Number of protein chains: 2
Amino acid sequence: MLKDVTPNTAEIARTDAGLASTLRVSVMRLARRLRNERDAEDDLTPNQLAVLGTLARCGALTIGELAGAEKVQPPSMTRIVNCLVDKGLLQRRPHPGDKRVVVVSLTDEARAVVLESRRRKEAWLNKQLSELSLAERRILRDAAPLLERLSQA
Amino acid sequence: MLKDVTPNTAEIARTDAGLASTLRVSVMRLARRLRNERDAEDDLTPNQLAVLGTLARCGALTIGELAGAEKVQPPSMTRIVNCLVDKGLLQRRPHPGDKRVVVVSLTDEARAVVLESRRRKEAWLNKQLSELSLAERRILRDAAPLLERLSQA
DNA sequence: TATTGTTATACTCTATAACTATA
DNA sequence: TATAGTTATAGAGTATAACAATA
């Protein structure tokens with residue numbers, strides 16, 4: 001009887017002993033460290049911040065889509081959106097073709113806030129990266145697209 | 001006049017054009033994806049979950065230290081801790097030497113919850129990793145300790 | 001007198017239920 | 001009749017202020 005040489009999950013887990021574990025820990029820690037690197041957006045609640053981030057990633061979304069993405073109920077999302085509209089960070093627009101639906105998108109001011117937040121995190125990260133060797137930065141340059149691919153699985 | 005060859009931050013940012021940006025995005029996305037991979041701990045609030053995670057990483061802490069770590073006020077942490085004690089996930093003990101202080105630590109049951117949460121995330125991650133090539137996994141194995149080092153800067 | 005933590009109270013945020021408008 | 005969103009109300013969760021115990 002021939003042996004099955006197709007790599008299965010258990011076998012890979014063994015040969016890559018601990019890779020998932022160390023990768024999970026390091027990714028979660030770095031993400032937490034980056035998340036703490038905030039400033040201007042400090043007066044926003046976590047959910048408000050998450051809405052800005054989601055809209056920055058996904059573009060304009062409806063109230064229902066936003067509620068689903070942030071895992072809150074529609075009435076809560078109505079409130080969150082209203083609050084951000086009052087702050088001048090979101091704009092509501094009617095859906096072309098379905099008058100029940102409300103489309104929400106970032107204002108220019110919100111885009112500036114998001115960009116500033118990114119700039120701040122990346123400035124911190126650049127400073128840390130500058131203390132690595134060229135070879136080490138090369139490894140991270142190779143790793144980044146792989147992490148991206150994993151996140152989209 | 002001799003040119004200064006010491007690499008400065010601006011120069012490195014240019015040569016590593018976009019590294020901080022792509023790395024930040026990929027790390028944050030993978031962390032978000034991993035965070036969504038939960039199940040048993042679904043009946044806990046985000047702050048309750050964070051307290052379990054912090055205690056799992058740092059060991060026993062006082063109410064004040066926990067409040068500082070989670071960025072909530074002491075009365076709120078008292079409430080969160082009481083709730084977790086009622087659920088059998090935390091135990092309170094007097095501080096040896098300072099009777100004002102309360103030391104909080106995980107119960108065996110809480111440790112089991114945390115381990116199960118990690119197991120679940122790592123099972124998902126292992127599955128995704130199994131679809132990468134050996135060379136790609138090698139890159140991630142090299143990258144993990146670098147990410148860890150960045151997070152501790 | 002200063003510090004750690006708790007209790008009392010008010011405020012904010014979220015969820016459920018009922019309602020309006022549109023499909 | 002079903003769906004998207006809003007309004008009204010009740011329920012968690014957090015913060016501020018006042019307090020108790022210890023240093």
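Quick note on labels: first sequence line is chain A, next is B, and so on, each numbered from 1. Bear in mind that the values here come from a model prediction, so they are computed numbers and not experimental data. Hydrogens, waters and symmetry mates play no part in the numbers below; they use all other heavy atoms, side chains included.
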By nearest atom, which of the nucleotides [options] is closest to the [X] side chain?
X	options	value
Thr78(B)	dT7(C), dA15(C), dT4(C)	dT7(C)
Arg100(B)	dA15(C), dA4(D), dT3(C)	dT3(C)
Asp98(B)	dT14(C), dT22(D), dA15(D)	dT22(D)
Thr45(B)	dT14(D), dC13(C), dG13(D)	dG13(D)
Arg79(A)	dG5(D), dA23(D), dC13(C)	dC13(C)

Does the side chain of Asn47(A) get closer than 4.0 angstrom to OP1 or OP2 of dT14(C) through an N or O atom?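 Yes, such a contact exists.
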Less than 4.0 angstrom between a side-chain N/O of Ser76(A) and OP1 or OP2 of dC13(C), yes or no?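 So the side-chain polar atoms of Ser76(A) never come under 4.0 Å of the phosphate oxygens OP1 or OP2 of dC13(C).
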Go nucleotide by nucleotide along DNA chain C from the 5' end; which of Lys99(A) and Gln48(A) gets its closest nucleotide reached first?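 The 5'-side residue here is Gln48(A).
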Which sits closer to the 5' end of DNA chain C, Met77(A) or Gly97(A), going by the nucleotide each is nearest to?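 By nearest-heavy-atom nucleotide position, the 5'-most residue is Met77(A).
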Interatomic distance, [X] [atom1] vs [N] [atom2] [rounded to whole Å]:
X	N	atom1	atom2	result
Asp43(B)	dA12(D)	CG	P	14 Å
Glu70(B)	dA15(D)	CD	P	12 Å
Leu49(A)	dC13(C)	CG	P	13 Å
Ile63(B)	dT14(D)	CD1	C1'	15 Å
Leu44(A)	dT12(C)	CG	P	16 Å
Asn82(B)	dG13(D)	CG	C1'	14 Å

5'-most by nearest nucleotide on DNA chain D - Glu65(A) or Pro75(B):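 Whichever sits nearer the 5' end wins; that is Glu65(A).
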Nearest-nucleotide comparison on DNA chain D, the residue closer to the 5′ end among Pro74(B) and Val103(A):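 Looking at DNA chain D, the more 5' nearest nucleotide goes with Val103(A).
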Spacing of CG belonging to Leu30(B) relative to CG belonging to Leu34(B), to within rounding of 0.5 Å: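 Interatomic distance, Leu30(B) CG to Leu34(B) CG, rounded to 0.5 Å: 4.5 Å.
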Between Gln48(B) (side chain) and Thr45(B) (backbone), is there a donor-acceptor pair under 3.5 Å?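 Indeed, once roles are kept as given, a pair shorter than 3.5 Å links the two residues.
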Okay, side chain of Arg24(A), backbone of Lys121(B): is any donor-acceptor separation there less than 3.5 Å?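 No.
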Is the shortest side-chain heavy-atom distance between Leu147(A) and Leu23(A) below 4.5 Å?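 Side-chain contact under 4.5 Å: yes.
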Leu49(A), Leu90(A), Asn47(A) screened by side-chain contact (heavy atoms from CB on, under 4.5 Å) with Leu84(A), the one that passes: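 In the set Leu49(A), Leu90(A), Asn47(A), the residue that makes a side-chain contact (heavy atoms from CB on, under 4.5 Å) with Leu84(A) is Leu90(A).
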